[in-house]
Amino acid sequence: MRPVYVLSGGVSKFAKARPDKTFQAIVKEAFDASIADLGLEPRQAIELLDGSVASYFSDHFQRQLMSGIMAQDYLGLVPKPSHRVEGGGATGGLCFQEGWKSVASGDMDVCIAYGFETMSHVQTWKGNEFIALASDVSFDYPVGGFYSGYYAMMVTRHMKEFGTTVEQMATVSVKNHRNALYNPYAQKRMALTVEDVRKSPMVAWPLTRLDICTMSDGAAAVWLASEEGLARVEKATGKRLPRVKVAGIGRGTDAMRMADRPHVDYETFYRKYALPIEDTDEGRAYYRDLWNKGFRYPGVHSFRAGRTASAQACKRAGIADPMAELDFVELHDAYTSSEIQTYEDMGLCRYGEGGPLAIDGRTFLPGIDYGLTLSKPSTTPVNPSGGLIACGHPVGATGLMQAVFALWQLQHTIPQHFGDTRLQVPNARRGAIHSHAGTGTYVSVSILEREDGGAA
Amino acid sequence: MSGHDKVPVDETLEGAVVFNVPFPSDLKGLDQMAPIIIKHPYYVDYIHSYGQDSPFFAGLANKRLMGTKCTACGHAFATPRKACMECGAECAWVELPQQARVHAFTVCHFGSEEFLPDCPFVLAQVEFEGFDTLFLTRIQGLDPTAPSLDWIGMKVGARFRRLSRLKPTDVWFEPL
């Protein structure tokens with residue numbers, strides 16, 4: 001495998017509905033932004049690119065099959081190689097990794113990964129039906145038929161196992177919506193309180209509307225290149241680009257029906273799922289105590305796919321302690337509860353410690369007034385962009401949007417792109433992006449790292 | 001739910017049928033044109049086979065709950081799978097007890113369009129003695145306006161539709 005660099009990215013405006021443009025033209029917005037950021041003309045970009053990977057989740061939303069090729073031809077990228085990637089909510093994250101593979105394998109030197117979704121073509125409750133078709137249509141869809149309901153079931157179990165509270169979840173919503181106040185790309189930029197989140201309409205107990213991301217129309221695009229490809233792009237642009245490398249990727253899966261997931265014992269957990277940092281006397285004592293209280297793994301409260309993906313990516317990136325070694329994380333907060341669950345899967349804390357971590361301050365940005373009393377200083381901001389909850393979740397674009405925001409963090413260009421310095425993570429050198437499908441069926445984690453000096 | 005704002009429901013897709021739209025005499029005006037949005041209906045009857053899972057649905061029609069058990073490792077699936085997820089061997093049909101415990105739950109106040117008329121309803125994963133996996137079902141007989149984590153662990157019993165519709169909702173559970 002060759003080293004792969006992330007060169008540039010672009011994001012369209014995310015909005016509840018974009019009737020002003022068809023999906024191809026929204027992709028073109030993101031594509032043109034990624035080109036303009038390099039200081040190139042579209043004609044030069046088309047010459048430099050060896051091919052692409054396209055991502056979008058649902059054919060139902062547009063009632064259009066093979067949308068990928070329609071984006072490819074609209075961008076002027078035919079007859080170059082391309083394929084479409086789909087994996088539910090993780091579609092964008094998988095697309096980024098397929099772009100990485102295209103370059104790492106030697107198949108391409110310069111590849112663009114672009115993704116999109118236009119969810120406004122049906123009304124909200126029909127959209128929920130389409131999304132719920134991403135659950136087993138024989139056993140799950142006819143009974144529940146609602147993803148917010150599925151996530152709410154998982155969190156009632158999390159609450160029962162660990163004492164996680166609705167206020168801890170609401171705090172995640174406060175954090176992410178406040179961060180988004182300074183992100184002009186975000187769909188929902190709001191100064192909220194914990195009370196606001198709890199008082200908003202109940203959707204699936206205990207999740208309220210402000211615990212849940214919304215549907216969006218939008219697109220994102222990311223350039224990936226080998227060293228040769230980077231040299232080619234730099235020659236065309238006439239300037240040196242910051243060296244932001246993909247330090248490691250990881251993926252995991254779990255059963256579509258969450259009912260089917262195992263409930264393993266302590267020994268199996270340590271043999272198959274525990275992270276290196278958990279393999280200490282103190283870690284073992286902590287988990288032994290959890291198992292003595294009846295905890296089983298992963299059950300419906302934890303995402304084995306997320307842990308598998310994160311463990312693999314960290315191992316490849318040489319990270320032993322994610323909380324200490326990552327400067328920020330952009331993770332898939334489709335629900336406030338799933339942000340808390342993901343802290344644990346990614347090893348930012350141990351299983352059971354996600355609720356307290358959500359409110360202690362370590363995952364917040366320094367220099368933003370959240371209207372909350374935080375007991376600890378910021379160490380690893382999580383979703384400094386505002387995450388899915390505030391930015392929106394145009395499924396096929398979401399994981400790529402995370403890659404673009406992570407790239408800008410590592411380039412230290414957040415102030416230029418957002419027109420505000422507050423969301424720039426100080427001296428960011430390494431960050432993770434996490435993309436998540438279904439009830440934790442496909443999860444991808446990619447770690448991006450600044451290679452050169454990178455002083456802000 | 002008292003104390004909560006009401007969720008506005010989408011407007012419906014009724015409206016006038018339009019057969020013509022204005023067109024500017026100066027073509028430069030076309031870039032300022034507002035998007036034309038049309039209604040695009042889509043309805044399909046699928047021919048959905050339950051395939052190897054069919055005996056489960058035949059069980060429901062006969063007021064019996066069927067799961068499977070791995071013939072090699074013994075892993076017992078409360079939602080049937082004919083191939084064992086743990087070891088890959090074939091599973092055999094076994095009958096589940098008709099009593100279970102609530103493992104996790106929610107109250108759906110909203111949902112997919114198809115299920116909006118059912119809201120609010122209690123959705124739960126239930127666990128069975130002797131089975132390693134769970135089963136998704138609805139619980140009736142609980143007050144959806146007073147959810148409590150104490151519902152987790154509650155004993156519930158299976159109830160069946162008298163006239164089967166061959167859907168997993170032919171069975172639901174009620175507190176015992």
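Remember, it's a predicted structure, so these values are computed and weren't measured experimentally. To find a chain, count down the sequence lines: A is the first, B the second, and so on, and within it residues start at 1.
With a 4.5 angstrom heavy-atom cutoff, Phe115(B) touches chain A only via side-chain atoms. Contacts between Asp150(B) and chain A at a heavy-atom distance below 4.5 Å involve backbone atoms as well as side-chain atoms. Interface remark: Ala124(B) contributes backbone atoms only to the contact with chain A (heavy atom separation under 4.5 Å). Contact annotation for His75(B): neither backbone nor side-chain heavy atoms come within less than 4.5 Å of a heavy atom of chain A. Heavy atoms of Leu136(B) lying under 4.5 Å from chain A belong to its backbone as well as its side chain. Contact of Ser138(A) with chain B is made through backbone and side chain together, with heavy-atom distances under 4.5 Å. Contact of Pro80(B) with chain A is made through backbone and side chain together, with heavy-atom distances under 4.5 Å.
Ion pairing between a basic and an acidic side chain is recognised when a charged N comes within 4.0 Å of a carboxylate O; Arg101(B) and Glu127(B) show no such pairing.
The distance from atom OG of Ser58(A) to atom CZ of Phe130(A), rounded to the nearest 0.5 Å, is 6.5 Å. Annotation: the span from Asp217(A) atom CG to Lys16(A) atom NZ amounts to 9.0 Å, rounded to 0.5 Å. Atoms OH and CG, from Tyr151(A) and Asp211(A) in turn, are 14.0 Å apart once rounded to the nearest 0.5 Å.
Among Val155(A), Asp20(A), Leu207(A), Val143(A), the residue with the largest count of heavy-atom pairs under 4.5 Å with chain B is Val143(A). Counting heavy-atom pairs closer than 4.5 Å to chain A, the top-ranked of the candidates Thr169(B), Thr106(B), Thr133(B) is Thr106(B). Listed options His158(A), Met159(A), Arg257(A) were ranked by heavy-atom pairs under 4.5 angstrom with chain B; first place goes to Arg257(A). When the candidates His103(B), Glu86(B), Arg138(B), Glu114(B) are compared by the number of heavy-atom contacts under 4.5 Å with chain A, His103(B) comes out ahead.
Ring geometry for His301(A) versus Phe162(A): interplanar angle over 60°, hence perpendicular rather than tilted (30 to 60°). Ring planes of Phe61(A) and Phe57(A): tilted class, angle from 30 to 60°. Phe269(A) and Tyr297(A) have perpendicular rings, their planes meeting at more than 60° on a 0 to 90° scale where under 30° would count as parallel.
A donor and an acceptor atom, one from each side chain of Glu90(B) and Thr71(B), are nowhere located under 3.5 Å apart.
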